[in-house]
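To start, the structure under review is shown below, and the notes come after it.
As the structure is a prediction and not an experimental result, all values here were calculated from the model.
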Amino acid sequence: MLVDSPCCSPGRSFGVCSQNMLGAVTRDGTYVRRTGSGATRKTTRREERRIVWQALVDPTVTHSTTQSDVLPLTPKHRRLRLQWCHARSTWNGTDWQNVVFSDESRFVLGTDDNHVRVWRRPGERYNSTHVVARHIARTAGVMVWRAITYASRFTLIVVRVTLTGQRYVDDILRPHVGPCLNRLPGAIFQHTARITQDFLRHIQTLPWPARSPDLSPIEHVWDQLKLQMPLLHSVHDLVVAVQDLWVHLPQDHIRRLINTMPNRVEACIAAGGGPTSY
């Protein structure tokens, strides 16, 4: 049908091991970079000192704040984003109307996942400034997948298991995406690198540059749904509410977002591949 952990770890996204890094912080706040045989570090000494400084000033500084303030787009990210945009700088609104944008997101009972992540030195785990007394169970929620096109949207899929690459193929791509794309001549499926390429070999695809949510209109669709989400008290009610909001999301809203794609590409080129206001 068309229609966590208690300690914030930038290493998951940025190639930095926070435990080792903060473990090398001396008591006077200075930092000594350790050598090792692990993966090549993706941050400079200056960036790592900045991360440590932020953690010392505010132990609850968020991952996203660290990314935007300390670890902006690297020169490689900027170059790849710029290349991607230049390759599509001549695409007009009609070209973008053929793209199927897809993504997944988590909805929770409440405003967040009930986690406050803290940066700390070794031995400070139970420091009173780093401890909040409360129920430690993760806030209940649901992961959903969806896709949008200019003319329609795919059925919202509730993901009840960890979405590995193979499960993505078996539970989403094969039963839902494949049949729908067969009914959409000229459709281009936007995807990220984790999708199994073998399944997509007969489908026209649009690879997406890393760290580029500002280029995707579907991010704003998630924002729209979450702003309208009422306060609920059960996962079942949450699933029903998400599905209802999805079905009743005006298609004109989706069209307006997709129509911004030429402007998003232009803004990224003007920024030299850097972040945009989108």
Side-chain angles (χ1 to χ4, degrees), residues 1-3 64 67-68 73 77 80-108 111 142-159 172-173 176-177 180-181 183-195 203-230 241-271 273-278:
M1 176 181 179
L2 286 179
V3 285
S64 58
Q67 180 179 11
S68 60
L73 293 167
H77 288 126
L80 293 177
R81 280 164 54 92
L82 192 59
Q83 291 175 355
W84 188 91
C85 288
H86 275 306
R88 293 157 185 84
S89 61
T90 60
W91 284 28
N92 55 33
T94 302
D95 295 317
W96 289 109
Q97 290 175 16
N98 292 324
V99 177
V100 177
F101 297 92
S102 66
D103 194 18
E104 65 266 1
S105 184
R106 178 174 167 80
F107 289 79
V108 299
T111 57
V142 60
M143 180 72 72
V144 298
W145 177 93
R146 52 80 178 94
I148 59 173
T149 72
Y150 189 81
S152 60
R153 81 219 45 194
F154 285 44
T155 299
L156 190 78
I157 301 172
V158 178
V159 181
I172 295 179
L173 292 183
H176 299 284
V177 174
C180 287
L181 292 180
R183 297 195 297 269
L184 296 173
I188 306 171
F189 186 63
Q190 172 261 325
H191 72 92
T192 56
R194 77 189 184 106
I195 294 179
I203 297 175
Q204 187 176 2
T205 61
L206 177 63
W208 207 255
R211 297 195 192 177
S212 300
D214 56 330
L215 295 177
S216 176
I218 203 166
E219 296 292 334
H220 295 276
V221 175
W222 283 140
D223 294 340
Q224 178 77 9
L225 296 183
K226 290 180 178 181
L227 285 174
Q228 299 179 30
M229 185 63 59
V242 174
Q243 291 174 331
D244 182 68
L245 289 173
W246 176 249
V247 170
H248 291 93
L249 179 69
Q251 189 64 33
D252 284 344
H253 178 72
I254 295 175
R255 292 191 184 100
R256 286 195 297 269
L257 289 173
I258 294 178
N259 283 337
T260 65
M261 283 306 301
N263 293 334
R264 292 171 189 259
V265 170
E266 182 180 349
C268 186
I269 293 175
T276 69
S277 60
Y278 290 94

Inset, instruction - Test Leu173 against Phe189 for side-chain contact (heavy atoms from CB on, under 4.5 Å), laying out the working first. - result: CA-CA 11 Å; Leu173 292 183; Phe189 186 63; 3.9 Å; yes

Inset, instruction - Please examine the side chains of Gln83 and Pro209, heavy atoms only from C-beta on, and report whether any two atoms are closer than 4.5 Å. - result: no

Inset, instruction - Look only at the side chain of Ser102 and the backbone of Gln190, and say whether a donor-acceptor pair between them is shorter than 3.5 Å. - result: yes

Legend entry - Non-hydrogen side-chain atoms of Met261 and Val99 separated by less than 4.5 Å: no

Inset, instruction - Answer whether the closest heavy-atom distance between the side chains of Met229 and Val108 falls below 4.5 Å. - result: no

Legend entry - Donor-acceptor pair, side chain of Trp246 and main chain of Phe154, under 3.5 angstrom: yes

Legend entry - Heavy-atom side-chain proximity of Asp103 to Phe101 below 4.5 angstrom: no

Inset, instruction - For Arg146 and Ile157, indicate whether the former's side chain and the latter's backbone hold a donor-acceptor pair under 3.5 Å. - result: no

Legend entry - Gln224 side chain vs Glu219 backbone, donor-acceptor pair below 3.5 Å: no

Inset, instruction - Would you confirm whether Ser89, through its side chain, and Ala87, through its main-chain N or O, come within 3.5 Å as a donor-acceptor pair? - result: no

Legend entry - Candidate pair Ser212 and Leu80, rule side-chain contact (heavy atoms from CB on, under 4.5 Å), full reasoning: CA-CA 10 Å; Ser212 300; Leu80 293 177; over 6 Å; no

Inset, instruction - Any chance you could lay out the side-chain contact (heavy atoms from CB on, under 4.5 Å) test for Asn263 and Glu266, step after step, and finish with the verdict? - result: CA-CA 5 Å; Asn263 293 334; Glu266 182 180 349; 4.2 Å; yes

Inset, instruction - Determine the sole option in Ile269, Asp214, Val265 for which the side chain to side chain contact (heavy atoms under 4.5 Å, CB included) test with Arg81 is passed. - result: Asp214

Legend entry - side-chain contact (heavy atoms from CB on, under 4.5 Å) assessment of Val158 paired with Phe107: CA-CA 11 Å; Val158 178; Phe107 289 79; over 6 Å; no

Inset, instruction - Using the side chain to side chain contact (heavy atoms under 4.5 Å, CB included) rule, pick out the option among Trp222, Trp208, Tyr278 that qualifies with Ser216. - result: Trp208

Legend entry - Gln228 CD: over 12 foreign heavy atoms closer than 6.0 Å: yes

